Q: 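Let me give you the structure first, and then I'll get to my questions.
Model, not experiment: these values are computed from the prediction.
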Amino acid sequence: MNLRPCTICSARDAGRPARVNPRLCAGCQDWDDLLHVNYCRERADGHAPLNPVLFCYKHNPNWPPARKGNYGEFKDLEFFSADHYYAARAEGGDGGGCIMCSAVGDALRRAAEDVIDGRGMRIAVWRPFILDPAKNQWNVRDEQTALEKGMVPWSQKCVLAVVIATAPPAGEEDGAWSYEPGIVEVVLRYEKWCYDLSRVSPWERTTMDISQIKSWLGRCADEHGAECNGSWIPPWTDLPRGFRLIDVRERRVVTPEPGVGYVTLSYVWNAASSSPEKQNLQLYKENLKELEQPGSLSDAILPEVVADAIYLCAELGKPYLWVDRFCIVQDDPDLKAEQINAMGVIYDRALLTFISLGDGPTPGLMGLPCRPRRQTFRNRSWDLLPTMSNPVGEVRLPLIDMAISESKWDSRAWTFQETALSKRHIYFDAGQVYGSCTKERWQERPSDVDEASWRENGPWEMHQLRKSPWDLSPDSFAAYSGVISQYSPRKLTFPKDVLRAFAGISNVLEMTFKRTLIQGHPEEFFTESLRWVPQPGFLTARRDLDTVPTWSWASWDSKATWDTDWTMAPGIYLANLSSGVRASFVNFHVSDPKEGLRPVKERHQSLELYLIEQKRAALKVIKEAAASWWPSSISDDPMTVDVKGLEEMTKYVLNCAHQKSQDNAHPWPPSTARTPRTERLHDLDEDATAFAALRNLEEHTDTRWWPPTTAKDPETSRQLDSLSIEASALAEGIPNSLVFNTSCAYLKVGPFGRMWFRIPPRRHLSGCAIQNRDGIPVGITMAMAPQLTFDMFGEGKEHLVALLGVCSSKRFMQWDKGERSRLPIHHLNELCLIVMIMEEKDGACRRLALGVVYPNEWIKAHPQWRSVVLA
């Protein structure tokens, strides 16, 4: 690497004694040259082989350390007590003592102040990490260049990675010492270009410069234009009845005039204050008049995070602040419900949102002048990494995405809508402040770095950043599944709030796409939405809530996914279900608490069109890859013939194949014995190719698994469509329940008995086999965590299984050998039935799991037509 020469190594290589810095003791002389103590010692394995990730705060996994393993232990470092550092103070030649030992000793003394029982402590310094956003260590390679740039003398901000060893508590002298990684933040002043150390001083980072926030807000207002002032919600949508704000100047709750600008506060509710009295202070009917009086909201009574938000509003010149606990009357249930349902409007209309990530040692917006950061040896600011591309130890700020995603705040359900719908955000982490808007992300910069340089070299981003949590295509189910998958794994103090905390997002989705959501499920894509599964590979739990039905994703404390990746059961293969729901035909009714029993207004995917599409594909395979089985009298192209012609063609091809098989002693009907259900069918001969396609053709022709397709008269169709009187009456008495007619069978469901390891992603998955009464597998369930399969289906007993829709499993046909290698790759979509596995109690059913069954096996199970109430 092209770096400046190290003064210590150069002297050694020339056979000269290295210069001695009189301000340093003998053990600290390496610090006289920053390159030597950092790069040269790293190259010579002079630093103990510790894992740097253990010293990091919110480490970015995309920044891997240079060493991948074989790490040492903390206890292997050389530890010194406070007495050692006090003694070293007198060792320096100028009577001032060793400046490095003084700095480390002071850090040890501060750490000891946190130990209230007087236990002994020792400290070991591992290695330095430097903050060098402009890459001066790489770009400035000689003294003359540094002089010309005005960089001599040079002050280098540096983080020392240290380990604190603490003696066992009194009375446990035989116990083991404990070891904790930490940091010491210092500024190293060098009289020459990074050598000749003259001073080591604390790096003060207790407060941020609020002018940085003002500068960003001004730049956003002046340069970003409409992109940072857009709205998810139409402007004619009013703020909710009883909308209140905090008047920052008068320190009281007010009912504002229409159209005033305001700031919102987002925080972790139960971490608002360290004081129980302040934590419990909220707006109630009894104190409403009191809190409307000027000066009533004093810092003495407010939770720290609210007091800090008021201070920052005043500093930024923003007169109004919205905080849920002081702007919603907590004991007025009707008004509170209206306000919660209007959260989307409230955050969408806000000028700016302050966000407390909740990871600091104390509540509040850390880093403000009114809430200075407390500097201890615990790292709450830095990612420290010597990487393969840069072995010099480097200090990096956690990227904004990492800081947010690893925070306590980001794990909470209520905060999802707050960040998704706000225009601008200012995030307060324990040791850093971040900001973002539609066009820009920024991070608090050091006080001695100018904005232009920081924007050029620092972790700054300028592009379209306000990413919608949903796909904006109104005809896409992804518009809903994406946002639900992001929201559903978040945590709630009260599980009953699962849909209330989603209300803001739900209302925005409904207004944006003009479609109703039922218990979090889009009405127009209802069957597809019912195909959710708890995130596979993770142990999950059901929420037993009276207000949330078991068919809703909100009934599970888990990330809801719509995976198309299914596991395998012994004797049955199911490839990736890349299609999701290919046809929906069940007519659902919902027991709406407001409207009573009503039909679900679903936009069905046509079963008839799907069957036609698959018949064409199967006939094409026979014509092009099994020509001897294609009737010579048919010249029409199966891909272009009309529907009536297609039906006649299908019957004729099947009849000819039946006759040919009898003449040639081939078995009929085609079975999986010769062409097994595998994802890829390699090098099948012509007969096997024909039988695979003929079997597929028959599966898409024989629709006895769905009785309405075989009804012979209108009266039969009417009877099949009519809900039973008993089921309708039962559903009307169970709010949010579903009632529908479908084909049902009783089938055994039990664990596979072993786990399947799927890559990617790397995770242990399992599932259950769906079996007929003879124990023969006929289908499989969704993928589940192994423990969940035994908790739900460990007994392997019969369950009611109901048909919901159709999906497909793609089979690829490829030929690599001989003359048939000239054939193009074909594929067949094997028909599969999506089923719901349920348990019955008192006439109503509860959803347990989703599964897939082959149609021919479903017919053999002798299903019955019935009305199902799903609660």
Side-chain angles (χ1 to χ4, degrees), residues 572-573 575 582-583 607-706 709-710 806 808-815 817-833 854-860:
I572 280 194
Y573 182 90
R582 295 297 300 271
L607 174 61
E608 181 181 4
L609 292 179
Y610 169 73
L611 296 175
I612 290 172
E613 177 186 339
Q614 303 315 314
K615 289 175 188 178
R616 293 187 190 278
L619 290 168
K620 179 181 178 182
V621 170
I622 299 171
K623 182 177 181 180
E624 296 183 1
S628 65
W629 288 79
W630 183 259
S632 58
S633 59
I634 299 179
S635 59
D636 291 336
D637 183 354
M639 303 304 292
T640 58
V641 69
D642 62 26
V643 174
K644 183 177 179 181
L646 181 69
E647 295 303 318
E648 294 174 352
M649 182 185 294
T650 299
K651 292 178 182 178
Y652 191 69
V653 169
L654 287 173
N655 288 336
C656 291
H658 189 275
Q659 185 62 44
K660 181 179 176 68
S661 68
Q662 290 181 335
D663 294 344
N664 296 342
H666 288 291
W668 191 273
S671 69
T672 60
R674 188 166 185 181
T675 53
R677 282 172 165 139
T678 57
E679 184 174 3
R680 190 173 294 273
L681 302 172
H682 275 101
D683 293 316
L684 298 182
D685 60 29
E686 194 164 295
D687 288 346
T689 300
F691 267 49
L694 288 166
R695 186 185 71 216
N696 188 270
L697 188 61
E698 281 204 328
E699 286 180 348
H700 290 93
T701 303
D702 184 2
T703 57
R704 287 176 294 159
W705 46 267
W706 187 242
T709 62
T710 60
V806 164
S808 64
S809 179
K810 186 170 286 189
R811 310 289 186 219
F812 289 94
M813 307 181 81
Q814 183 173 342
W815 298 268
K817 301 175 183 178
E819 293 184 3
R820 292 177 66 78
S821 63
R822 293 193 293 256
L823 293 171
I825 295 176
H826 287 272
H827 72 265
L828 298 169
N829 284 315
E830 192 164 88
L831 182 70
C832 304
L833 305 180
Y854 289 117
N856 59 320
E857 301 293 347
W858 183 256
I859 294 171
K860 294 176 185 177

Q: Would you compute the distance between atom CG of Leu697 and atom CG of Leu619 and round it to the nearest 0.5 angstrom?
A: 5.0 Å

Q: For Thr701, check side-chain hydrogen bond (donor to acceptor under 3.5 Å, both in side chains) against everything at least two apart and list the hits.
A: none

Q: Using modelled atom types and a 3.5 Å cut-off, is there a donor and acceptor pairing between side-chain atoms of Asn655 and backbone atoms of Lys651?
A: yes

Q: List in chain and number order the residues that pass side chain to side chain contact (heavy atoms under 4.5 Å, CB included) with Ser633, two or more places apart in sequence or in another chain; answer none if no residue qualifies.
A: Pro631, Tyr652

Q: Tell me, please, which residues at least two apart from Lys644 pass side chain to side chain contact (heavy atoms under 4.5 Å, CB included).
A: Asp642, Glu648

Q: Could you tell me which residues satisfy side-chain hydrogen bond (donor to acceptor under 3.5 Å, both in side chains) with Asp683, sequence neighbours excluded, listed by chain and number?
A: none

Q: To the nearest 0.5 angstrom, please state how far the OH atom of Tyr610 sits from the OG atom of Ser808.
A: 4.5 Å

Q: For residues 610-637, pull every pair meeting salt bridge (Lys or Arg N to Asp or Glu O under 4.0 Å), keeping only residues two or more places apart or in separate chains.
A: Arg582-Glu613, Lys615-Glu647

Q: Listed by chain and number, what are the side-chain hydrogen bond (donor to acceptor under 3.5 Å, both in side chains) partners of Glu686, not counting sequence neighbours?
A: Ser628

Q: Which heavy atom in Leu646 sits nearest to a heavy atom in Pro638, and how many Å separate them?
A: CD1-O, 4.0 Å

Q: Who pairs with Gln614 by side-chain hydrogen bond (donor to acceptor under 3.5 Å, both in side chains), at least two apart in sequence or on another chain?
A: Asn829

Q: Please determine which of Leu831, Asn856, Thr710 meets the side-chain contact (heavy atoms from CB on, under 4.5 Å) test together with Trp705.
A: Leu831

Q: Is any side-chain N of the basic residue among Glu830 and Lys810 closer than 4.0 Å to the acidic one's carboxylate O?
A: no

Q: Roughly how far, to the nearest 0.5 Å, is CG of Leu828 from CD of Glu699?
A: 9.5 Å

Q: Heavy-atom distance under 4.5 Å between the side chains of Ile859 and Tyr854, does that happen here?
A: no

Q: With no hydrogens and no angle check, just 3.5 Å: does a side-chain donor-acceptor pair link Trp629 and Asp687?
A: yes

Q: Within this structure, what is the CG-CD distance for the pair Leu833 and Glu857, rounded to the nearest 0.5 Å?
A: 11.0 Å

Q: Can you sort out the partners of Ala625 under side chain to side chain contact (heavy atoms under 4.5 Å, CB included), two or more places apart, ordered by chain and number?
A: Val621, Thr689, Trp815, Arg820, Leu823, His826

Q: With sequence neighbours left out, write down each residue that passes ring-ring contact (aromatic ring centres under 6.0 Å, His included) with Trp706, or none if nothing qualifies.
A: Phe585, Trp865

Q: Does the side chain of Met649 come within less than 4.5 Å of Val641's, by heavy atoms?
A: yes

